[in-house]
There are 2 protein chains.
Amino acid sequence: MTKIFIVDDHYMVVEGIRSLLQNAPGIDWMGHAMNAASCLAFLQQQHPDIILMDINLPDKSGIDLCKEVHNKYPGIFILGLSTFNQQSFIQKMMDNGASGYILKNASLDELLEAINEVKKGRTFLSNEAAATLHKPDNTTIPLITSREKEVLGLVAEGLTNNEIAQQLFISHTTVETHRKSLLNKFDAKNTASLVRMAAQMGII
Amino acid sequence: MTKIFIVDDHYMVVEGIRSLLQNAPGIDWMGHAMNAASCLAFLQQQHPDIILMDINLPDKSGIDLCKEVHNKYPGIFILGLSTFNQQSFIQKMMDNGASGYILKNASLDELLEAINEVKKGRTFLSNEAAATLHKPDNTTIPLITSREKEVLGLVAEGLTNNEIAQQLFISHTTVETHRKSLLNKFDAKNTASLVRMAAQMGII
DNA sequence: TTCTATATCCTCTTTTTCCATGATTTTCAG
DNA sequence: CTGAAAATCATGGAAAAAGAGGATATAGAA
């Protein structure tokens with residue numbers, strides 16, 4: 001028997017998965033949590049084999065929760081679950097220890113296959129998710145330093161170089177250097193495209 | 001008996017609602033469509049009393065589909081359905097003839113209540129949706145014109161005023177005017193914050 | 001029909017960003 | 001310890017955007 005637990009704040013999705021799985025052989029439905037906090041509370045009492053985890057939770061992101069659960073309970077496999085087929089989300093979930101990722105339009109077969117694969121310790125990506133993740137061009141997120149990330153955030157907030165300089169207690173020319181470096185790393189022509197890329201990559 | 005049809009590309013949600021409704025009294029489940037095209041095809045054959053309609057469909061937006069169905073079949077009540085509790089979406093659905101709006105985290109009771117109210121010709125908004133709709137301000141997407149949207153897209157791509165002017169065959173000062181207007185409507189200080197807001201609102 | 005919103009165009013000034021080309025200090029991993 | 005990466009600072013000039021204050025034409029709604 002595979003013990004399944006689900007974390008998702010959408011009642012209809014929870015109900016859908018429960019309905020799909022209740023007649024499937026070898027599945028032990030342990031229940032569900034509507035948010036990260038009650039998921040963590042549940043895990044102090046019981047340990048499922050697999051957690052189906054939504055990315056959008058009311059109290060914290062599924063991406064953060066994934067990391068936390070994976071660190072505290074390395075034996076539990078996590079299967080990411082969301083409406084969005086966005087490469088940055090999938091990537092982050094996998095980076096944070098998820099064993100797989102499926103979309104909410106997945107079929108029963110796909111869901112069962114995912115559960116079986118993950119149970120065996122393998123990884124599973126649904127067709128569409130895999131396609132997205134392995135897309136060739138695949139807007140790779142550039143490797144930026146923490147200071148650059150800080151500056152990028154303030155730039156996106158609409159602060160000018162001088163304002164950022166004041167806030168960080170550095171010279172405005174230094175801010176400019178970081179900015180140039182960001183434009184280079186993102187291969188962006190100007191601030192507008194830089195901010196768009198960063199936003200679409202989920203960095204800001 | 002209330003004849004119910006659902007349009008949603010998320011299999012798990014469809015399954016969840018079907019599971020919730022199949023034991024409810026007075027509900028006649030007519031089936032579901034995964035996209036706008038097959039919904040319209042279905043309606044040429046049969047006429048449900050109520051359509052549960054997702055906002056995000058693969059082929060066209062639920063907002064457009066709502067308008068189309070409402071015009072062609074005024075007798076069918078439409079109940080908007082989505083993950084997003086965003087004011088502009090709710091507003092647009094209601095403007096386009098929807099009789100109500102519920103979120104995917106609604107309970108069975110809420111769903112049944114919505115169906116009953118809508119069946120009687122009344123409107124129903126789920127608690128959270130109603131709260132959002134009547135919220136004074138928050139992150140409302142500004143009403144921008146099609147030309148402004150066009151310019152916004154090109155700005156976010158990293159084009160300068162001159163480049164945009166060339167591409168649209170207008171003067172660079174006109175582009176500047178549109179840009180100023182965008183900054184005003186978004187209440188953004190500069191391009192960086194404008195692009196960030198637009199990206200986070202999903203406009204670009 | 002009149003009014004309003006949209007789209008178009010203009011000048012001038014100031015601010016900010018972008019570009020090129022440097023340099024010094026700090027920090028951290030091998 | 002030592003070198004590489006990161007973070008810091010600088011100058012001077014070119015390009016672009018922002019801010020202020022206009023104007024005209026047109027299409028659609030009241």
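None of these values were measured; they are calculated from a predicted model.
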Review point. Has A/D187 got more than 12 heavy atoms of other residues, nucleotides or ligands less than 6.0 Å from its CG?
Key: no
Tell me the interatomic distance from [X], atom [atom1], to [N], atom [atom2], rounded to whole angstroms.
X: A/H178; N: C/dC18; atom1: NE2; atom2: P; result: 15 Å
X: A/L154; N: C/dT17; atom1: CG; atom2: C1'; result: 16 Å
X: B/E148; N: C/dT8; atom1: CD; atom2: P; result: 10 Å
X: B/H172; N: C/dC12; atom1: NE2; atom2: C1'; result: 12 Å
X: B/R147; N: C/dC9; atom1: CZ; atom2: C1'; result: 13 Å
X: A/L194; N: C/dT17; atom1: CG; atom2: C1'; result: 12 Å

Tabulate protein N/O versus nucleotide N/O from nucleotides 3-5 of chain C, keeping only pairs under 3.5 Å, one per line.
none

Exercise for review: Answer with base, sugar-phosphate or nothing: what part of the nucleic acid does B/S171 contact at a heavy-atom distance below 4.0 Å?
Suggested key: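 Here B/S171 touches the backbone only, sparing every base.
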Review point. Does B/T174 put a side-chain nitrogen or oxygen below 4.0 Å from OP1 or OP2 of C/dA7?
Key: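 Looking at the OP1 and OP2 atoms of C/dA7, neither is under 4.0 Å from any side-chain N or O of B/T174.
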Check your understanding: Quick one: does B/K119's side chain have a donor or acceptor within less than 3.5 Å of a partner on B/I50's backbone?
Key -> no
**Study point:** Pair B/K180 + B/E148, salt bridge at N-O below 4.0 Å
**Key:** no
Practice item. Considering only NZ, NE, NH1 and NH2 on the basic side and carboxylate oxygens on the acidic side, decide whether B/K104 and A/E15 come within less than 4.0 Å. Key: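 No, this pair does not count.
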Check your understanding: Which parts of nucleotides 12-29 of chain D does protein reach within less than 4.0 Å, heavy atoms only, written one letter per nucleotide 5' to 3' as B for base, S for sugar-phosphate only and - for none?
Key -> ----SSB-BB--------
Review point. Rounded to the nearest 0.5 Å, how far apart are CG of B/D28 and NZ of B/K3?
Key: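 NZ of B/K3 is found 7.5 Å from CG of B/D28.
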Check your understanding: Taking only residues two or more places apart in sequence, or in another chain, which ones meet B/E150 in a side-chain hydrogen bond (donor to acceptor under 3.5 Å, both in side chains)?
Key ->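 Partners of B/E150 by the side-chain hydrogen bond (donor to acceptor under 3.5 Å, both in side chains) criterion, ordered by chain and then number, come out as B/R147.
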Exercise for review: Five pairs at each end of the helix from C/dT1-D/dA30 to C/dG30-D/dC1: take the axis at both ends and give me the angle between them to 10°.
Suggested key: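 It works out to 70° between the end axes.
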Listing time: all N or O pairs from protein to nucleotides 24-27 of chain C that are below 3.5 Å?
none

**Study point:** Of all pairs that satisfy ring pair (Phe, Tyr, Trp, His ring centres under 6.0 Å), the ones with a partner from residues 147-184 of chain B, not counting sequence neighbours
**Key:**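 Of all non-adjacent pairs touching residues 147-184 of chain B, none passes ring pair (Phe, Tyr, Trp, His ring centres under 6.0 Å).
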Point to revise | Upstream residue (5' side of DNA chain D) when A/I170 and A/K185 are each assigned their closest nucleotide | key: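 The residue mapped nearer the 5' terminus is A/K185.
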